[in-house]
Amino acid sequence: MRKLLSLALATALTVSALAGCGGSSSGTSTQAGGSGSQKDTQAAAESGDPVFWTVAAPPASSALYPYWVSLGEAISSVYPQYKITVSESQGAVAITKSVRNGDADFGNSVSATDYESYHGVGTFDGQPSQDSRMLFYYEVTAEMFCVTKESGIETLADLDGKKFNPGGTGTSAEDICKKIMNLLGYEPDYFTASQADASDAYSNREIVGTIKLGPVVDSYVMQLDAAVPVNLISMSDEEIARIREEFPYLIEVTVPGGTYDGVEEDVKTVGTPQGCQTTTALSQEDGYHICKAVFEDGKEVWQAAYPTGAENDYVALTLASTVPLHAGTVQYLTEAGVEVPEELIPEEYVPVQ
């Protein structure tokens with residue numbers, strides 16, 4: 001299923017979204033707080049001196065948090081000069097702000113926030129970050145509309161007027177949910193709460209459902225289902241088409257029937273690739289080392305901690321980016337014989353013979 005999912009993703013994002021990226025930076029770098037300037041970092045890496053990085057990870061309650069801890073271990077196991085501190089954050093928007101501001105050297109991201117940050121739209125309206133770069137994408141997360149079976153709700157339209165949690169406060173799940181419902185003209189009675197409080201409200205039947213943006217097999221959804229039998233709302237083809245036309249950074253995702261107890265039919269929804277974001281402040285050599293460790297030499301370390309993502313096709317996921325890749329990523333992929341689309345190659349990339 002993982003391989004099929006990643007292959008489908010390779011063609012899921014539209015050419016027009018890629019073309020909107022351009023392929024150049026503004027030429028001004030944001031200095032990363034943990035590692036100093038690009039020149040200093042590169043010099044330290046070449047000399048073997050310690051290089052200290054801060055990495056912004058999802059909340060510790062996230063199923064993706066162990067992946068980020070193991071990612072730091074994987075990189076350091078291959079390149080001991082990199083001393084990595086993994087810092088818990090409050091979600092994709094907070095991480096993006098941290099990376100943009102130089103408080104973190106790289107960190108977790110979702111395609112929706114990556115697109116908005118780079119282009120200066122949505123959450124980052126009027127504040128484009130042309131120095132933002134993607135090191136890689138590693139997972140696909142689905143926007144799962146979870147409702148109680150007893151509610152009888154089958155479609156997004158059925159949520160009109162119902163008390164419903166759109167996702168944890170301040171999360172990408174909440175942002176995506178509200179954008180979708182506004183676009184389609186549906187108006188639930190939103191119950192604003194943290195993910196944990198939403199789970200309690202669901203279990204106590206105070207709300208008809210909630211949102212979880214996560215891996216197709218998600219422990220949070222399983223917990224909901226154990227408390228009160230759950231149903232996942234399947235979107236129509238027309239709804240998905242409208243959503244993807246308006247929000248090109250979202251992809252179509254299918255949750256196979258039988259993934260959750262009592263949900264026997266395939267469920268169609270939209271979702272976001274999860275990735276690793278950075279800026280041009282990270283040198284090409286450092287970015288290359290990170291990719292080599294993650295894609296090859298250190299992958300057994302993170303695969304042991306995050307086995308559900310062990311078969312994900314990192315190359316296909318990464319090439320579906322809607323913002324430019326990091327110069328080090330381009331170097332790694334080119335060396336591996338992968339043809340990188342021109343629109344994903346940043347201006348600062350220097351070919352290595």
Side-chain angles (χ1 to χ4, degrees), residues 29-38 40-42 44-45 49-111 113-114 117 129 131-139 141 172 273-306 309 312 314 317-318 321 323 325-329 332:
S29 297
T30 302
Q31 181 170 316
S35 61
S37 70
Q38 176 173 329
D40 292 341
T41 304
Q42 185 169 350
D49 292 338
V51 177
F52 296 93
W53 283 336
T54 297
V55 178
S61 59
S62 168
L64 300 178
Y65 183 78
Y67 170 80
W68 281 91
V69 173
S70 65
L71 196 75
E73 295 171 350
I75 296 169
S76 295
S77 71
V78 180
Y79 301 102
Q81 69 267 32
Y82 298 135
K83 310 302 181 182
I84 298 174
T85 299
V86 177
S87 176
E88 178 185 6
S89 71
Q90 295 305 308
V93 173
I95 294 174
T96 298
K97 290 179 179 178
S98 181
V99 172
R100 283 172 53 129
N101 294 337
D103 295 326
D105 297 283
F106 53 94
N108 193 69
S109 69
V110 299
S111 61
T113 308
D114 299 334
S117 174
S129 177
D131 287 335
S132 293
R133 297 289 183 265
M134 290 307 304
L135 280 163
F136 55 85
Y137 282 100
Y138 66 92
E139 181 60 274
T141 47
S172 295
Q274 298 272 341
C276 179
Q277 63 174 305
T278 188
T279 70
T280 56
L282 186 77
S283 76
Q284 179 170 320
E285 182 181 36
D286 286 336
Y288 171 81
H289 287 164
I290 291 171
C291 288
K292 189 165 178 58
V294 173
F295 282 60
E296 289 184 37
D297 301 336
K299 66 179 182 180
E300 291 184 358
V301 177
W302 66 258
Q303 285 178 339
Y306 189 64
N312 286 348
Y314 274 40
L317 289 164
T318 300
S321 176
V323 303
L325 301 179
H326 187 268
T329 304
Y332 172 80

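For this chain, numbers begin at 1 and follow the sequence in order.
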Subject >> Note, Val99 side chain near Thr279 side chain (heavy atom, < 4.5 Å) >> reply: yes
**OP:** Flag the pair Ile75 / Val294 as yes when at least one side-chain heavy-atom distance between them is below 4.5 Å, and no otherwise.
**Re:** yes
Original post:
Would you call the rings of His289 and Tyr79 parallel, tilted or perpendicular if under 30° counts as parallel and over 60° as perpendicular?
Top reply: parallel
Original post:
Between Gly107 and Trp68, what is the shortest heavy-atom contact and its length?
Top reply: C-CH2, 3.5 Å
Original post:
Just how far is it from atom OH of Tyr137 to atom OG1 of Thr329, taken to the nearest 0.5 Å?
Top reply: 11.0 Å
Original post:
Which heavy-atom pair separates Lys83 from Pro50 by the least distance, and what is that distance?
Top reply: CG-CB, 4.1 Å
Subject >> Contacts of type side chain to side chain donor-acceptor pair (under 3.5 Å), residue Tyr65, not counting sequence neighbours >> reply: none
Original post:
Closest approach of Val110 and Ala92, non-hydrogen atoms and distance?
Top reply: CG2-CB, 3.8 Å
Original post:
Between atom OG1 of Thr280 and atom CZ of Arg133, what is the distance when rounded to the nearest 0.5 Å?
Top reply: 6.0 Å
Original post:
Taking C-beta and beyond as the side chain, do Leu282 and Ile290 meet within less than 4.5 Å on heavy atoms?
Top reply: yes
Original post:
Does atom CD of Glu300 have more than 12 heavy-atom neighbours, drawn from other residues, nucleotides or ligands, at distances under 6.0 Å?
Top reply: no
**OP:** Would you please name every residue forming a side chain to side chain donor-acceptor pair (under 3.5 Å) with Glu296, sequence neighbours left out?
**Re:** Lys292, Tyr332
**OP:** List for me each residue that meets ring pair (Phe, Tyr, Trp, His ring centres under 6.0 Å) alongside Tyr67, sequence neighbours excluded, and say none if there are none.
**Re:** Tyr138, Trp302, Tyr306
Subject >> Residue pair Asn108 / Gln274, side-chain heavy-atom distance below 4.5 Å >> reply: yes
**OP:** Mind checking the CG-NE2 spacing from Asp286 to His326? Nearest 0.5 Å is all I need.
**Re:** 8.0 Å
**OP:** For Ala57 and Ile95, work out which heavy atoms get closest and say how close.
**Re:** O-CD1, 3.6 Å
Original post:
Quick one: does Val55's side chain get under 4.5 Å of Leu71's, heavy atoms only?
Top reply: no
Original post:
What's the verdict on side chain to side chain donor-acceptor pair (under 3.5 Å) for Ser132 and Gln277, showing C-alpha distance, side-chain angles and the deciding distance?
Top reply: CA-CA 7 Å; Ser132 293; Gln277 63 174 305; 5.5 Å; no
Original post:
From Trp53 CH2 over to Tyr82 OH, what is the distance, rounded to the nearest 0.5 angstrom?
Top reply: 4.5 Å
Subject >> Shortest non-hydrogen separation from Arg100 to Ser117 and the atoms involved >> reply: NH1-OG, 3.0 Å
Subject >> Closest heavy-atom pair and its distance - Met134, Ser109 >> reply: CE-OG, 3.5 Å
Original post:
Which value, rounded to the nearest 0.5 Å, describes the distance between Ser89 atom OG and Lys97 atom NZ?
Top reply: 12.0 Å
Original post:
Atom CG in Leu135, atom SG in Cys291: separation rounded to 0.5 Å?
Top reply: 5.0 Å
